[in-house]
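Take a look at the structure below.
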Amino acid sequence: MDIRKTQALRDILKDKSLLKEKCYIDGKWVSGTETIDVTNPVNEDVIAAVPNLGQAEAKAAIEAAGKAQKAWGAKPAKERAAILRKWFNLMMENQEDLAQIMTAEQGKPLAESRGEIAYGASFVEFFAEEAKRIYGETIPSPWPHARIVTIRQPIGVVAAITPWNFPNAMITRKAGPALAAGCTFVCKPASETPLSALALCELAERAGIPAGVFNILTGKARPIGAELTSNPLVRILTFTGSTEIGKLLMQQCATTVKKVGLELGGNAPFIVFDDADLDAAVQGAMASKYRNAGQTCVCANRILVQDKVYDAFAAKFAEAVNKLKVGNGVEQGITTGPLINEAAVKKVREHIDDAVSKGAKIVVGGKELGGNFFEPTILRDVTTKMAVAREETFGPVAPLFRFSTEEEAIRMANDTEFGLACYFYSRDIGRIWRVAEGLEYGMVGINEGIISTEVAPFGGVKESGIGREGSRHGVEEFTEIKYMLMGGLGS
Ligand SMILES: NC(=O)C1=CN([C@@H]2O[C@H](COP(=O)(O)OP(=O)(O)OC[C@H]3O[C@@H](n4cnc5c(N)ncnc54)[C@H](OP(=O)(O)O)[C@@H]3O)[C@@H](O)[C@H]2O)C=CC1
Ligand SMILES: O=C(O)[C@H](O)CS(=O)(=O)O
């Protein structure tokens, strides 16, 4: 069967009006004089074309968001909550079509796309509820003639730039709390995956989200980014993507002292101690490493295995990885779709060749399968001299490192400028507390390989980012605390 054959996306969708080839600015569908092709990573076939907009349209979107923010922020929280709840319901009612759109433009297997739609919708559901719980406080006054209160108010216009690997959830993980807090939202999605974002606009309109509150524009990253980071109407830039671009955007935001929310790159260690349940560790490594063909910022990027169980773990892990099935994500039973593009395949190839040239051995996989497809791969006898130790592979490659002591494992795990997610398997309670507290990361998976959920704070330390998304903390990022002193009360 030709794994690179695909059906026309419009023919697959039940609700064809979800396939949008226009941007959504101020409640209007906007075309462009030029367009950008959207391709299916399975075979690079063009599946749609979206407007190639620039700085002027970004400015118009920001101004529309600025105009709409006052009324949206002034709505009672309960009303905003009800509209967000409708948006959530519409996402779940259209889950299959949204998943088909995602698999067509991003490549992940349909089961993962359906999962991402539910995950992305969960942020809208969660923050619809949190909208009603954005509290202030009263503070005991040091003066008899005065009283102190604080309130939380919406920060204002939110600008967002999002990546291709989770083209729905990385938008709703920002838009959910932003709209809940009474902010308005202007987002540039990744050029590879704009269709998931534009479908969200169609559902936002149906949910009754007013014009100007939720805006998506596609096009030239640099000029749009320059406007989003310099326009004084924008009060926060929230970005998910590479650390390199995150640093650039943070610099650009400095000129107008914008708040930033940054979810950047990772280099997650996955540590297997000799007291671990090896079957559970293999299961966790499979889930963490090969989800989205390894294209997630929280994927296990380095697998550190204690000497005594190294060979046993490697054998069990190889058996599991050999069961993965590479192919077109719309086919039944496919576990691993194509990588997003040629550059991604090239990076995986370079990482494997570098490791092997320095002494690593290929246990499973290691081969390109044509186009953007790459075999799920395990490397053993990997050392810290190899590129995979320092760089995020962002592909289906599991490098196995060895360690002897607990201290060595923590030192190896922390030997990186990144600090997003980390994982370890142990059944010794003392070790669990020592290691969890010693790891320099924003998130720790203990005996678990998948930790992302809307109820917990997602984010990193060091060069993996600033701020948290999801959880009650996620909505606070889009508010400002105002301190009010009420004086002249006599005594
Ligand atoms: N911490 C987290 O939650 C996540 C981190 N990442 C990290 O991102 C990387 C992979 O994602 P990838 O999309 O390639 O990352 P990029 O940083 O290249 O792109 C992310 C977004 O930034 C935009 N962008 C790129 N250059 C500029 C610029 N100069 N000005 C404004 N916007 C710009 C892109 O637009 P365009 O597409 O038009 O180029 C895209 O929308 C990996 O390092 C991964 O770890 C990814 C997902 C989640
Ligand atoms: O972009 C990513 O990699 C996501 O943040 C990972 S998750 O939230 O889907 O786990």
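Counting starts at 1 for both ligands and their atoms, in listed order.
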- Query: Any cation-pi pair here, Lys108 with Phe166, using under 6.0 Å and within 45°?
  - Reply: yes
- Task: Measure from NZ or CZ of Arg468 to the centre of the six-membered ring of Phe458 and say whether it is under 6.0 Å with the direction within 45° of the ring axis.
- Result: no
Residue-ligand contact [X]/ligand 1, heavy atom below 4.0 Å:
X	value
Glu391	no
Pro189	yes
Phe458	yes
Gln295	no

As an exercise, identify every atom of ligand 1 less than 4.0 angstrom from a heavy atom of [X].
X	result
Thr162	21 (C), 40 (C), 41 (O)
Lys188	34 (C), 35 (O), 36 (P), 38 (O), 41 (O)
Gly265	45 (O)
Leu249	30 (N), 31 (C)
Ile161	21 (C), 22 (O), 23 (C), 31 (C), 32 (N), 41 (O)
Arg173	3 (O)
Glu192	37 (O)
Leu420	1 (N)

Salt-bridge test for [X] and [Y]: reply yes if a basic N is under 4.0 Å from a carboxylate O, no otherwise.
X	Y	result
Glu463	Lys247	yes
Glu21	Arg10	yes
Arg472	Glu476	yes
Glu342	Lys346	no
Lys367	Glu375	yes

- Query: Is the closest heavy-atom distance from Arg173 to ligand 2 below 4.0 Å?
  - Reply: yes
- Task: Return yes or no for this condition: an N or O of Gln295 is under 3.5 Å from an N or O of ligand 2.
- Result: no
- Message: Polar contacts were defined as any N/O atom of the residue lying under 3.5 Å from an N/O atom of the ligand; does this apply to Cys297 and ligand 2?
- Response: yes
- Item | Any donor-acceptor N/O pair, Thr335 side chain to Lys325 backbone, under 3.5 Å | yes
- For the residue pair Phe214 and Trp87, categorise the inter-ring angle as parallel (less than 30°), tilted (30 to 60°) or perpendicular (more than 60°). perpendicular
- Message: Could you tell me if Thr240 and Lys174 have a donor-acceptor pair between their side chains, going purely by distance under 3.5 Å?
- Response: yes
- Task: Establish, from distance only, whether the side-chain atoms of Lys258 and Thr256 form a donor-acceptor pair under 3.5 Å.
- Result: yes
- Item | Protein contact for atom 22 (O) of ligand 1 (heavy atom, distance under 4.0 Å) | yes
- Query: Considering only protein heavy atoms, which is closest to atom 17 (O) of ligand 1, and at what distance to one decimal place?
  - Reply: Ser242 OG, 2.7 Å
- Could you check atom 9 (O) of ligand 2 against the protein and tell me its nearest heavy-atom contact, residue, atom and distance included? Arg291 NH1, 3.2 Å
